[in-house]
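First the proteins, then the strands, lettered A, B, ... as listed; each starts at 1. Note that the structure is predicted; figures quoted are calculated from it, not measured.
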Protein chains: 2
Amino acid sequence: MAGSTGSDEQAAPTIYDVARAAGVAASTVSRAFARPGRVNADTAGRIRRIAVEMGYRTNPVARALLSGRSSMIALAISDITNPYYFEIIRGAQAAAMEAGYTMLLADAQESDRLEREALDRAVQTVEGIVLASTRMSDTSIRMTAKLRPLIVLNRAVAGVPSVVTDHHHGIRQAVDHLHALGHSHITYLAGPEAAWSDGMRWQALREAAVELGLRLHRLGPYPPTVLGGVAAADDFCRRPTSAVIAYNDLLALGLLRGLSAVGVRVPQDVSVVGFDNIFGTDLVTPGLTTLAAPLHLLGRTAVQGLLALISGTQRPVDKPVTIPTRLVVRASTDQRRPTRIAAPAEQAELSDLLQTPSAGITTG
Amino acid sequence: MAGSTGSDEQAAPTIYDVARAAGVAASTVSRAFARPGRVNADTAGRIRRIAVEMGYRTNPVARALLSGRSSMIALAISDITNPYYFEIIRGAQAAAMEAGYTMLLADAQESDRLEREALDRAVQTVEGIVLASTRMSDTSIRMTAKLRPLIVLNRAVAGVPSVVTDHHHGIRQAVDHLHALGHSHITYLAGPEAAWSDGMRWQALREAAVELGLRLHRLGPYPPTVLGGVAAADDFCRRPTSAVIAYNDLLALGLLRGLSAVGVRVPQDVSVVGFDNIFGTDLVTPGLTTLAAPLHLLGRTAVQGLLALISGTQRPVDKPVTIPTRLVVRASTDQRRPTRIAAPAEQAELSDLLQTPSAGITTG
DNA sequence: GTGAAAGCGCTAACAT
DNA sequence: ATGTTAGCGCTTTCAC
């Protein structure tokens, strides 16, 4: 329809256009939107009506230049292809929208460099930042926190406000569950050493093991992916125990898959517990017993905290905000029975898996 | 360390600070970054060095105000909790970053209103928009396209450039596959009526059925979720066929689950084909046969097209760019055998599923 | 309660 | 090749 030359864009009306149409000064129009109380009610009404008629929208860029209020926050994520982030992103986005903020998403693709790069670019534009499972160093994080209000998710960094899940209590629930089922020897499949939560989980696990008199065994670290779990299955079969706790669900799902490939039955031969209750844990056979974190709440809490920081409502607090977890019991855990696991044979399986959609998915 | 009053932020150096330090005019500094060729090499080098020393970064907001170049694009998604978008987002983000662009993510949460709201807010800031599986009307889309360069994903809108997967060929592959396995009667589980791709798939299905002399049956529409698939299982059992093609993988996964709950075996009793090859389709038992779209490429193509539009390198083309699909054959499809499906009994199952992480996941 | 004017940091004209 | 000037659209003094 618009038979113009190239990229045909409509010139948006400015505040001056509205002011002229309403017969007032631009400053009055500005006030009518920002501080309606300080403008004559009639005038304000008229201005707003005219503004709507003209399709006027205040230019956020111009606003941001002077006031610094860009109404944008950034959410940086270590890897967007991890289902773990679904609800976190959504919770964050919901909280942001409710407050009239737009969310900028930076997927680090597991790369420290990309994460910094994306952040560098965004820092000056956004009013605040949420770092979810970041791979950056504590130092980098603190430096960024100096530039903008910042909240870290799933990690405690001294001097930077953070939101974390209650690893300690969560692990305890998982161990109690396995203990109650008669398991006395547990293997932990470790995640990336750089992951703060891996350290937390392992530590909590050791404490729980001591208290309950359980034997503990650690395998890994593995990449926190389905493929990592498949690899872990091999290792595990060489030193089997009756129960396994995996760093996260992706790893646990891979383990289930790897065990099934070599004929080890879950839960008859091994009980498996994961972390996070991500998409798919209820679809596989057997369903995965896992520690569910209220991910939506996690994202929401982080953003709300950030907005409070931005508005100055709240001063940065060093102590992490802790979100509780709950154990979701499914079919992958059961009573301990005499272990009978053969050595791995069909290694060929692995190469097949490389082509599948879940293989490359990773976690932070 | 910084014992200041409230939210302590460092004042970033401006272009004037750099200019003063370098003993040149601000415009020269600007040129040194934007058009190095038009500045004496020595001067440019000195300026850059000083800028780095001072930690100067050009303020993107100020730049955007004058030039309109915010270096940001928006990606609007109908529902971020759908694994379908994983790789799309990632491909899009990768393409954006390579070009020096930051990506703003708008999750519509299945809501037309939220989508428009988020877009309204972002339109003025971003240089262009990718609409993935949008729920907006053609009219809304065209209006937005008037404001900014825009590309639609998974939908053809007259007058707006788009990128779509080759439904026609894809469906044909799926039907050929089932046909070759001896299936002569296929049920299609329909997705949301608002979804453009649902219409496309159904149409392609009908054409293929006619050509191959197959009988076709349509059930639905269902919400394109795991839960929708569970519901579909009930309906399907009342009018069973030997093969099913679902609108998408989420629906197919739910179907597998629902069928398993009532004791219908896949693929012995029914063969099931999904769409998209999302995360998890290779983890369930049986693995889901599905039409894989190169999702990463889809996202990448859309953004690259958008950037070409923005830079003016390319004029908007009405004809959709088509991306090919390929059939991934897994265990959910097999030779046709005499159907023997009992009426549904255990309806109770459904309420259980409502609590699970995969239940609420939806698609666009 | 309203208007006038200055300026956020940058870049695009124009001038030299 | 570099400097000077003006102004993007808005908000925020400061007058009235």
Under 4.0 Å between any heavy atoms, over every strand shown, what does [X] touch: base, sugar-phosphate, or nothing? Just pick one.
X	answer
B/Ser27	base
B/Val61	nothing
A/Arg38	base

In the 5' to 3' direction, the nucleotides of DNA chain C bounding the stretch that comes under 4.0 Å of a heavy atom in chain A are C/dG1 to C/dG9
Does any N or O in the side chain of A/Gln124 come within less than 3.5 Å of the main-chain N or O of B/Thr58, such that one atom is a donor and the other an acceptor?
yes
Working for ring-ring contact (aromatic ring centres under 6.0 Å, His included), residues B/Tyr85 and A/Phe86:
CA-CA 10 Å; B/Tyr85 292 112; A/Phe86 280 3; 10.0 Å; no
Length of the [atom1]-[atom2] vector between [X] and [N], whole Å:
X	N	atom1	atom2	answer
B/Leu65	D/dC10	CG	P	9 Å
A/Met54	D/dG9	CE	P	13 Å
B/Gln124	D/dC8	CD	P	16 Å
A/Asp17	D/dC10	CG	C1'	13 Å
A/Ile47	D/dT11	CD1	P	13 Å
A/Asn59	D/dT11	CG	P	9 Å
A/Tyr56	D/dG9	OH	C1'	8 Å

So, OP1 or OP2 of D/dT2: does either fall under 4.0 Å of a side-chain N or O from B/Thr43?
yes
Is the distance from OP1 or OP2 of D/dC10 to the nearest side-chain N or O of A/Thr58 less than 4.0 Å?
no
If you find the nucleotide of DNA chain D closest to B/Val24 and the one closest to B/Tyr16, which residue's nucleotide is nearer the 5' end?
B/Val24
Verify side-chain hydrogen bond (donor to acceptor under 3.5 Å, both in side chains) between B/Asn154 and B/Ser133, making sure each step is shown before the conclusion.
CA-CA 6 Å; B/Asn154 293 330; B/Ser133 312; 3.2 Å; yes
Once you build an axis from the first five pairs and another from the last five of the helix from C/dG1-D/dC16 to C/dT16-D/dA1, how far apart in angle are they, to 10 degrees?
40°
Less than 4.5 Å apart, any side-chain heavy atom of B/Met72 and any of A/Leu104?
yes
Shortest non-hydrogen contact from A/Ile15 to A/Ala26?
CD1-O, 3.7 Å
First locate atom CZ of B/Arg113, then atom CD of B/Glu117, and finally report the distance between them rounded to the nearest 0.5 Å.
5.0 Å
Strictly by modelled atom types, are B/Glu115 and B/Thr134 linked by a side-chain donor-acceptor pair under 3.5 Å?
yes
For D/dG3, does the base pair up with any side-chain atom of B/Arg31 as donor and acceptor (N or O, under 3.5 Å, distance only)?
yes
Taking only distance into account, with no hydrogens and no angle test, what donor-acceptor pairs under 3.5 Å do side-chain atoms of residues 27-44 of chain A form with protein atoms, sequence neighbours excluded?
unit_1, atom_1, unit_2, atom_2, d
A/Ser27, OG, A/Arg31, NH2, 3.4
A/Asn40, OD1, A/Asp42, N, 2.8

Kindly indicate, with the supporting measurements, whether the criterion side-chain hydrogen bond (donor to acceptor under 3.5 Å, both in side chains) is fulfilled by A/Thr14 and A/Tyr56.
CA-CA 7 Å; A/Thr14 73; A/Tyr56 168 75; over 6 Å; no
